[in-house]
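These values consider heavy atoms only, across backbone and side chains, with no hydrogens, waters or symmetry-generated copies. Here is how names work: the chains are called A, B, and so on, in the same order as the sequence lines, proteins then strands, and each is numbered from 1.
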Amino acid sequence: MSLKLYNTLSRSKEEFKSITPGLVGMYVCGPTVSGESHLGHARPYITFDVLLRYLTHLGYKVRYVRNITDAGHFEEEGREAEDKISKKAILEKLEPMELVHKYTGLFHWAMKEFNNLSPSIEPTATGHIVEQITMIEQIIKDGYAYVANGSVYFDVEKYNTDYSKKGLPYGMLSGRNIEEQLETTRELDNQEEKRNKNDFALWKNAAPEHIMRWKSPWGVGFPGWHIECSAMATKYLGEVFDIHGGGMDLQFPHHECEIAQSTVCNHKTPARYWVHNNMITINGRKMGKSYNNVIKLTELFSGNHPILEQAYHPMTVRFFILQSHYRSTLDFGNEALQAAEKGLKRLWEAYENLYKFSTADSLQAPVDAELDAKVVKLLAEFDEFMDDDINTAKVLASMFELVPVINGIKNKQLENGTLSNTTIELLKTKMKLFLEDIFGFTSMQQNTNGKLEGIVELLINIRKDAKAKKDFVTSDKIRNELAALGVQLKDEKDGTVSYVVE
RNA sequence: GGUCCUGUGGCCGAGUGGCUAGGCAGAGCUCUGCAAAAGCUUCCACAGCGGUUCGAAUCCGCUCGGGACCUCCA
């Protein structure tokens with residue numbers, strides 16, 4: 001079996017084949033660092049992190065490019081041109097560069113909290129002004145863009161007419177046609193510079209008060225929203241690359257425009273597989289500034305937000321996201337997050353216990369051949385589910401079916417030697433591979449340099465003595481007060497005591 | 001208004017037409033000094049109405065509800 005990915009271009013699952021055997025180029029639209037990252041950002045970057053890890057597991061060498069948008073775009077086209085970053089910079093009395101630096105740092109911090117791997121290249125828009133200008137010049141030269149008052153616009157109408165003949169109409173990704181667009185696009189002000197409402201800016205003339213500005217053949221200004229991704233993807237991944245990812249909300253117009261720009265310059269549709277993750281909703285509504293329901297990642301991890309009943313660990317959020325399929329909307333709620341927190345804890349504890357198993361304990365032939373076979377089957381399905389458009393939800397469900405088996409063996413509720421040595425070894429290998437390497441989970445335990453461990457062991461021993469003397473007042477006091485401090489004692493079947501730190 | 005997606009049990013969520021994922025919560029039991037943990041068992045579903053089919057949560061139609069995009073957006 002081989003990996004299948006849902007391709008937005010064809011609206012179907014397609015077998016994944018890389019252009020160059022063994023190598024994959026993947027571009028994912030990164031954040032605009034004019035503000036703090038929020039819960040919504042967690043979804044694509046975790047989703048594509050898992051895809052990156054899975055492709056790597058399959059043996060591909062992946063070049064993962066994720067940009068940082070540090071040059072502002074128009075808040076709203078037609079309104080007075082205002083650069084997101086420069087506007088806020090004035091309000092906060094900060095240099096744009098200072099603001100960008102701050103939020104880029106926060107973004108990187110959050111990505112690390114989520115245990116997302118770093119991209120191979122993380123290019124910035126401001127670092128690629130030259131490439132963008134070069135690309136715009138090319139588009140003008142080919143006749144698909146025009147200059148107006150120091151701004152440059154892409155001629156969507158002409159592009160659509162010419163490229164429809166080649167089977168590459170504008171709107172092919174998002175499934176809309178331009179004729180309808182003309183009738184349904186809202187009436188906007190100050191559009192006289194454009195020949196057509198559908199045209200989009202490649203370069204925008206900067207008003208004198210504008211802080212972010214660069215010299216260009218058309219005057220002083222700044223790049224339009226879409227051109228950076230085309231320029232940087234082409235530069236680092238080539239004219240045609242394997243995977244382009246991002247949130248569904250970017251399908252139109254952003255990715256549509258990217259396709260148009262790149263196609264004009266390179267005469268090819270830039271990416272083979274367009275992969276889009278769905279949105280996270282809060283109470284059934286998409287999170288967004290206009291809805292006033294944005295939860296920033298710092299707030300999510302600290303619990304400091306009116307919607308939040310408690311803080312949520314980055315791993316809980318990661319688990320929550322991977323428990324659904326990336327193409328479904330995922331509804332956020334305290335109850336759901338708390339369920340995820342408990343579920344992950346149970347799964348992770350079983351996993352850690354599994355790793356303590358000695359295969360010397362079990363016999364060569366499984367006592368329970370049926371269960372042994374079931375375990376082997378569940379493990380084999382991990383790969384099948386991932387190959388089927390990265391169905392992390394199904395893999396996790398299978399893992400939960402393995403939890404009672406692992407716990408049963410550990411607590412001797414299952415007979416010694418229930419599973420064969422081979423199966424236990426396979427269980428260990430695959431659980432590690434999927435939980436840590438592919439899903440990217442890490443332990444939520446804090447490293448306390450062994451001091452806490454020593455203290456807890458001491459208390460466990462005192463409690464053991466108290467219990468031996470039937471001094472249950474003391475033993476319960478130790479147990480309950482440790483629990484209040486977040487240290488949960490567990491009396492194991494064999495008389496030993498283990499514990500978990502919250 | 002246009003285009004598209006969606007409606008699964010208390011909550012979150014998988015679901016390729018037949019074998020009713022999974023998590024959390026609830027109930028019972030085993031274990032336990034008591035509890036927790038763990039194990040076992042168990043209750044509660046496919047928005048509604050039609051249709052196709054031997055058989056539909058899954059396909060089709062209609063109705064109702066929710067959402068997304070069309071504007072910055074992950």
Between A/H255 and A/H276, is the ring centre distance below 6.0 Å?
yes
Counting only side-chain heavy atoms from C-beta out, which of B/C69, B/G23, B/A25 sits nearest to A/Q323?
B/G23
For B/G26 versus B/C11, give the span between their C1' atoms, rounded off to a whole number of Å.
12 Å
Could you check whether A/E436 and A/T442, counting side-chain N and O atoms only, form a donor-acceptor pair closer than 3.5 Å?
no
Between CG of A/N278 and C1' of B/U6 the distance, given in whole Å, is 10 Å
Selected nucleotide, minimal atom distance to A/A393 side chain, candidates B/A14, B/A37, B/A74
B/A14
Determine whether A/F301 and A/Y312 satisfy the following criterion, ring-ring contact (aromatic ring centres under 6.0 Å, His included), listing intermediate values before the conclusion.
CA-CA 5 Å; A/F301 299 159; A/Y312 296 104; 9.9 Å; no
Classify A/G284 by what it touches in the nucleic acid, base, sugar-phosphate, or nothing, heavy-atom distance under 4.0 Å.
sugar-phosphate
Taking the side chain of A/M287 as heavy atoms from C-beta outward, which of B/A74, B/C12, B/G15 is closest to it?
B/A74
Expressed in angstrom and rounded to an integer, what is the separation of A/I321 atom CD1 from B/C12 atom P?
17 Å
Rounded to whole angstroms, how far apart are CG on A/N292 and C1' on B/C72?
15 Å
Check: A/T423 side chain, A/L419 main-chain N or O, donor-acceptor pair, under 3.5 Å
no
With C1' as the reference atom in both, quote the distance from B/G10 to B/A27 in angstrom, rounded to an integer.
14 Å
Ignoring backbone atoms, establish whether A/R285 has a side-chain N or O less than 4.0 Å from OP1 or OP2 of B/G66.
no
So what does A/L344 touch, heavy atoms closer than 4.0 Å: a base, only the sugar-phosphate, or nothing?
nothing
When the P atoms of B/U53 and B/G48 are considered, how many whole Å apart are they?
22 Å
Which base, if any, makes a Watson-Crick or G-U wobble pair with B/A45, both distances under 3.5 Å?
none
What is the distance, rounded to the nearest whole Å, between atom CD1 of A/I282 and atom P of B/C12?
14 Å
Under 4.0 angstrom, heavy atoms only, what part of the nucleic acid is A/S475 near: base, sugar-phosphate, or nothing?
base
Across all strands shown, which nucleotide pairs with B/C69 by Watson-Crick or G-U wobble geometry, both distances under 3.5 Å?
B/G2
Does the aromatic ring of A/F472 sit over the six-membered base ring of B/G33, closer than 5.5 Å centre to centre and tilted less than 30°?
yes
Determine the interatomic distance between P on B/G15 and the same-named atom on B/U32; round to the nearest Å.
42 Å
How would you label the contact of A/Y291 with the nucleic acid (heavy atoms, under 4.0 Å): base, sugar-phosphate, or nothing?
sugar-phosphate
Give none if B/G7 has no partner; otherwise give the nucleotide forming a Watson-Crick or G-U wobble pair with it, both distances under 3.5 Å.
B/C64
Check: A/R479 side chain, B/A35 base, donor-acceptor under 3.5 Å
yes
Along RNA chain B (nearest heavy atom to each residue), the more 5'-positioned of A/A397 and A/H325
A/H325
Given B/A74, B/G2, B/A25, which nucleotide is nearest the side-chain atoms of A/H41?
B/A74
Grab the CD-P distance between A/E381 and B/G15 for me, whole Å please.
14 Å
Have a look at A/F319 and say if it touches a base, only the backbone sugar-phosphate, or nothing, with a 4.0 Å heavy-atom cut-off.
nothing
Selected nucleotide, minimal atom distance to A/F252 side chain, candidates B/C70, B/C12, B/C34
B/C70
Using the P atom on both, measure B/C34 against B/A45 and round to a whole Å.
36 Å
Check against side-chain contact (heavy atoms from CB on, under 4.5 Å), A/L489 and A/L482:
CA-CA 8 Å; A/L489 298 187; A/L482 276 178; 3.9 Å; yes
Pull out every protein N or O sitting under 3.5 Å from an N or O of nucleotides 38-42 of chain B, one pair per line with the distance.
from	atom 1	to	atom 2	distance (Å)
B/A38	O3'	A/N407	ND2	3.0
B/A38	O2'	A/N411	ND2	2.5
B/A38	O2'	A/Q413	OE1	2.9
B/A38	N3	A/Q413	NE2	3.0
B/G39	OP1	A/N407	ND2	3.1
B/G39	OP2	A/R346	NH1	3.2
B/G39	O4'	A/Q413	OE1	2.9
B/G39	O4'	A/Q413	NE2	3.1

Tell me what A/K410 touches on the nucleic acid: a base, only sugar-phosphate, or nothing, going by heavy atoms under 4.0 Å.
nothing
Side-chain N or O of A/S498 versus OP1/OP2 of B/A37: is the shortest distance under 4.0 Å?
no
Counting the atoms with a prime plus P, OP1 and OP2 as sugar-phosphate, which does A/E401 contact under 4.0 Å by heavy atoms, base, sugar-phosphate, or nothing?
sugar-phosphate
Does A/D331 contact B/G67 through a side-chain donor or acceptor facing the base, at a distance under 3.5 Å?
no
Looking at every strand, decide which applies to A/K342 at a 4.0 Å heavy-atom threshold: base, sugar-phosphate, or nothing.
sugar-phosphate
Nearest-Å distance for atom pair CD/P, residues A/E384 and B/G15:
14 Å
With a 3.5 Å cut-off and no angle check, do the side chains of A/S174 and A/Q251 form a donor-acceptor pair?
no
Do A/D491 side-chain and B/A35 base share a donor-acceptor contact under 3.5 Å?
yes
Closest of B/A37, B/A14, B/C12 to the A/A336 side chain is B/C12
Between A/R53 and A/F439, is NZ or CZ placed under 6.0 angstrom from the six-membered ring centre and within 45° of the ring axis?
no
Euclidean distance, A/H305 NE2 relative to A/I295 CD1, rounded to 0.5 Å:
5.0 Å
For B/C29, the Watson-Crick or wobble partner whose two distances fall under 3.5 Å:
B/G39
Is it the case that A/N205 and A/S151 place a side-chain donor and acceptor less than 3.5 Å from each other?
no
RNA chain B: 5'-proximal contact among A/G343 and A/Y45 (nearest heavy atom)
A/G343
When you measure from the side chain of A/N391, which nucleotide among B/G23, B/A14, B/C12 comes out closest?
B/A14
Nearest-Å distance once atom P is located in both B/G22 and B/C44:
15 Å
Any-strand Watson-Crick or G-U partner of B/A21, both distances under 3.5 Å
none
Between B/A68 (P) and A/D249 (CG): distance, integer Å:
11 Å
Among B/C69, B/A74, B/A14, which nucleotide has an atom closest to any side-chain atom of A/M279?
B/A74
Using the P atom in both, what is the distance from B/G18 to B/C59, to the nearest Å?
11 Å
If we take the C1' atom in both B/G51 and B/G17, what is their distance in whole Å?
15 Å
Qualifying residue, where the test is salt bridge (charged side-chain N to carboxylate O under 4.0 Å, His left out) with A/D491 and the options are A/R479, A/K464, A/K467
A/K467
CA sep, side-chain torsions, deciding dist, call: A/F114, A/W109, ring-ring contact (aromatic ring centres under 6.0 Å, His included)
CA-CA 9 Å; A/F114 282 133; A/W109 166 79; 8.9 Å; no
